[in-house]
Amino acid sequence: MGDRDRDWDWHLRTLSSSARDSNVANDPASDSSLLQSVKKLYELCKDENSEDLVARVYPQINKLFQRSVASLSQSETSIGLLLLAILQFYLDFGEIVLHDADPSLRTFFRSCLSREFADPVVAEATIDFLNANKKKLLTSFPTLLPQFFPLMLKLIAWNGEKLEKSFMKVFPGLMSPGSFLPLFPSLVDLPILVVALEKVEKSAGSLVGNSIASMQKSTAPEMLLALMDEAYTGSTIGDGGGDSESEDSSTIDVADPLFLDLLKDENDGIAERHWTSPGMAAALQAAINTPQSDRLKHILRMAPRFLDVYFSIALRDVNNSLVCALIPLLMSRNATIFPDKKFSYEVRKRILEFMLAAFQRSPDFIALLKKPIMDRLGEAYDSPEKTELALQLCWAIGEHGGGGGSHKDEARELFEGLELLLYENLASSRLGLGQESVFSSDSQTSRKSSQSRLLCFVVTAIAKLATNHRELLPRARVSLGKVARSRISDVRVWRRARDYLGLMTEPAISLSVLGPSRPSRGQMQNPGTVKWSDGATKMIAHVPFYILGEQEG
């Protein structure tokens with residue numbers, strides 16, 4: 001006990017004397033003994049479980065926190081570890097001394113981590129701190145991590161896969177009703193974030209100790225423009241921008257809203273991201289034409305795994321209104337993804353799988369989102385990515401009956417959209433209207449295959465939609481009849497239309513084969529089955545064997 005008392009007094013005097021030493025007072029992080037004293041005093045308070053000891057230590061630790069925060073702009077030493085040790089004291093003993101840790105936590109993120117997220121030691125310690133206090137943070141400060149999710153994404157984007165495992169444990173805490181929608185585009189754009197951060201580092205030096213986001217809030221516009229011009233283009237206002245042919249000429253424009261939005265530290269809602277801006281196009285082109293950095297390679301692998309967790313939580317825990325609001329955002333971002341072949345494939349695969357899972361869980365989403373769905377059907381010609389999205393939407397419309405039997409008007413409008421898409425395809429010999437008329441044989445074959453695949457999906461969706469909403473049957477017969485008589489080059493398309501026409505003459509079997517994917521209210525029969533046990537009382541003959549399509553055996 002005597003040794004412990006001496007240790008206690010020595011560490012307490014260390015904190016007290018640091019306030020009187022002008023050099024240490026102006027830069028507390030420069031004295032490494034302060035960190036050790038804070039940790040030792042915390043351990044002693046923990047071991048003794050004495051409120052009196054906590055009350056004696058708190059004033060000195062609180063003063064140290066205030067001095068440390070005040071010194072951030074002048075300090076040349078990392079102060080993150082010291083502040084994290086003090087925050088741990090606040091979280092564990094705040095109730096005893098009536099200290100609300102929320103302002104202190106926000107000050108750490110806003111003033112310290114925004115400057116030191118690129119420091120690997122501080123980054124790892126921050127993730128460990130958040131994991132160690134995850135339960136308390138989520139219950140007592142539920143809006144903290146969702147507010148600062150852009151800063152946390154900057155941290156993991158810069159520090160790479162070595163922190164991925166521990167970051168994954170923190171990641172669910174970034175999601176809340178207020179951050180759910182803005183978080184998705186930020187995850188998809190993680191590779192662009194890495195490109196932007198590397199551009200800033202290359203032009204302005206190390207990111208450690210510099211708050212990028214604070215430049216946006218400068219009260220001196222002229223200085224802001226000068227700093228940003230130097231940081232983003234490698235030139236100053238005085239030198240006129242340098243050689244226009246230099247490598248830095250491909251950097252993102254100083255005024256590009258996307259660049260400013262990517263580098264923010266706090267969640268301020270969904271901002272329109274201008275992918276078509278000249279600066280953005282130049283940055284993407286430069287990223288394609290130069291070898292990928294290790295950081296970029298890491299984030300190209302990590303981002304799809306983050307999306308897996310995001311979509312899993314969305315389906316399990318997020319309410320229907322937010323999931324419904326997310327789907328149009330998914331549709332719009334499907335075609336604007338960082339142009340790395342494997343990365344774009346992995347992201348689009350997850351987007352489409354989530355959309356179909358959401359429609360499966362809540363078929364009425366299709367009726368509620370008929371306008372954006374019809375808009376995407378109208379873009380089916382624009383690119384292979386938009387064609388694939390249209391295919392999946394066609395499948396979902398047919399599979400879920402346009403939202404269900406209670407959505408007659410929406411089903412009719414969706415049916416009209418499918419009709420239009422069908423007739424446009426029949427009238428054209430290939431996809432890609434408005435493009436060059438000269439294609440290689442491989443390109444023509446690919447377009448014909450895409451068109452045939454799209455037609456098959458549209459024909460099936462029309463047949464399924466009319467089976468679910470029988471008032472659409474006459475129009476469906478007209479549409480499918482035109483396809484069956486068209487004898488277009490791909491025999492699979494017109495044969496499928498012919499088979500569906502024949503199947504529709506057998507309403508009971510048509511409903512079983514083309515009906516909804518699960519029983520609707522009031523119906524006990526499972527979809528896709530014929531109840532042969534009812535053969536003694538109901539006629540179940542006249543099975544249309546032609547649907548076997550010339551299969552032998």
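- The minimum heavy-atom distance between A101 and L91, with the atom names listed, is CB-CD2, 4.0 Å.
- Taken to the nearest 0.5 Å, the CG atom of L12 stands 8.5 Å off from the CD1 atom of I61.
- Residues E266 and L151 fail the side-chain proximity criterion, which asks for heavy atoms closer than 4.5 Å.
- Between N334 and E388, the side chains place no donor N or O within less than 3.5 Å of an acceptor N or O (distance only, hydrogens not considered).
- Checked options K342, K349, R350; the residue passing with E346 is R350 (criterion: side-chain hydrogen bond (donor to acceptor under 3.5 Å, both in side chains)).
- Of the N and O atoms on the side chains of N159 and E124, not one donor lies less than 3.5 Å from an acceptor on the other residue.
- When the side-chain hydrogen bond (donor to acceptor under 3.5 Å, both in side chains) test is applied to E51, no partner is found at least two apart in sequence or on another chain.
- Residues F354 and Y310 keep their aromatic ring centres 6.0 Å or farther apart.
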Inset, instruction - Under the side chain to side chain donor-acceptor pair (under 3.5 Å) rule, what do R333 and T336 come out as? Steps first, then yes or no, please. - result: CA-CA 5 Å; R333 287 308 310 267; T336 51; 2.9 Å; yes

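- The distance between the ring centers of F359 and H400 does not fall below 6.0 angstrom.
- Counting only heavy atoms from C-beta outward, the side chains of F65 and L83 approach each other to under 4.5 Å.
- Judged purely by atom type and a 3.5 angstrom limit, T387 uses its side chain to pair as donor or acceptor with the backbone of A380.
- For the pair T139 (side chain) and K135 (backbone), a donor-acceptor distance under 3.5 Å is present.
- The nearest pair of heavy atoms linking L263 to K154 is O-NZ, 3.1 Å.
- Pairs passing the salt bridge (charged side-chain N to carboxylate O under 4.0 Å, His left out) check and including a residue from residues 159-178, sequence neighbours excluded, read E161-R301, E161-R305, E164-R305.
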Legend entry - Verdict with reasoning, D100 to F141, per side chain to side chain contact (heavy atoms under 4.5 Å, CB included): CA-CA 10 Å; D100 181 8; F141 315 101; 4.0 Å; yes

Inset, instruction - Go through the steps for H11 and S33 under the test side chain to side chain donor-acceptor pair (under 3.5 Å), then give the verdict. - result: CA-CA 9 Å; H11 291 298; S33 66; over 6 Å; no

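- Across L81 and A125, no two heavy atoms sit closer than the pair CD2-CB, 3.4 Å.
- The existence of a salt bridge linking R106 and D102 is confirmed by a sub-4.0 Å separation between a basic side-chain nitrogen and an acidic carboxylate oxygen.
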Inset, instruction - Could you give me the CA-CA distance, side-chain angles and deciding distance for F148 and L113, then say whether side chain to side chain contact (heavy atoms under 4.5 Å, CB included) is met? - result: CA-CA 10 Å; F148 291 98; L113 192 61; over 6 Å; no

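- Side chains of E385 and R348 form a contact here, defined as non-hydrogen atoms less than 4.5 Å apart.
- In this structure, the separation between CG on L190 and CZ on F343 is 7.0 Å, given to the nearest 0.5 Å.
- Two residues are said to be in side-chain contact when any heavy atoms from C-beta on lie closer than 4.5 Å; L377 and C394 meet this criterion.
- For the residue pair S293 / H298, no side-chain donor-acceptor distance below 3.5 Å is found, with atom types taken as modelled.
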Legend entry - Check against side chain to side chain donor-acceptor pair (under 3.5 Å), Y90 and N62: CA-CA 9 Å; Y90 288 160; N62 197 40; 2.6 Å; yes

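- Summarising the geometry, atom CE belonging to M302 is positioned 12.0 Å from atom CG belonging to L307; distances are rounded to the nearest 0.5 Å.
- Contact annotation: the side chain of D340 never approaches that of Y345 to less than 4.5 Å [non-hydrogen atoms, C-beta and beyond].
- The shortest side-chain heavy-atom distance between S37 and W10 falls under the 4.5 Å cut-off.
- Counting heavy atoms from C-beta outward, R110 and S114 have side chains that stay 4.5 Å or more apart.
- More than 12 heavy atoms of other residues, nucleotides or ligands lie within 6.0 Å of NZ in K136, so this atom counts as buried by the packing criterion.
- In this structure, the separation between CG on L393 and CZ on R376 is 9.0 Å, given to the nearest 0.5 Å.
- The aromatic rings of Y58 and F89 lie parallel to each other, with less than 30° between the two planes, well short of the 60° mark.
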Inset, instruction - Assess whether salt bridge (Lys or Arg N to Asp or Glu O under 4.0 Å) is satisfied between R56 and D52, documenting all intermediate values. - result: CA-CA 6 Å; R56 288 178 58 193; D52 290 339; over 6 Å; no

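- Within a 6.0 Å sphere centred on CD of E43, heavy atoms belonging to other residues, nucleotides or ligands number more than 12.
- In terms of heavy-atom proximity, A123 sits nearest to L163 at CB-CD1, 4.0 Å.
- Tested against F171 for a side chain to side chain contact (heavy atoms under 4.5 Å, CB included), the candidates I156, L187, L145 yield a single pass: L187.
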Inset, instruction - Output, in order, the C-alpha distance, side-chain angles, deciding distance and verdict of side chain to side chain contact (heavy atoms under 4.5 Å, CB included) for I96 and F93. - result: CA-CA 5 Å; I96 297 175; F93 305 116; 4.1 Å; yes

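- Between F184 and F311, the angle of the ring planes lies from 30° to 60°, which puts this pair in the tilted group.
- Between L72 and E116, the shortest heavy-atom contact is CD2-OE2, 4.4 Å.
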Inset, instruction - Could you walk me through whether R295 and L197 pass the side chain to side chain contact (heavy atoms under 4.5 Å, CB included) test, one step at a time? - result: CA-CA 10 Å; R295 284 193 182 92; L197 290 171; over 6 Å; no

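- Considering every non-hydrogen atom in both I79 and C112, the closest pair reads CG2-SG, 3.9 Å.
- Considering only heavy atoms from C-beta on, D382 comes within 4.5 Å of E379 through its side chain.
- Within a 6.0 Å radius of CG in N49, other residues, nucleotides and ligands contribute 12 heavy atoms or fewer.
- When only modelled atom types and interatomic distance are considered, N319 and S321 share a side-chain donor-acceptor pair under 3.5 Å.
- L369 contributes atom CG, which lies 13.0 Å from atom CE of M374 (distance to the nearest 0.5 angstrom).
- In this structure, a donor-acceptor pair under 3.5 Å is present between the side chains of D92 and Y42.
- Atoms CG and OG1, on L137 and T143 in that order, are 11.0 Å from each other to the nearest 0.5 Å.
- Proximity of a side-chain donor or acceptor of S71 to a complementary backbone N or O of S68 within less than 3.5 Å is detected.
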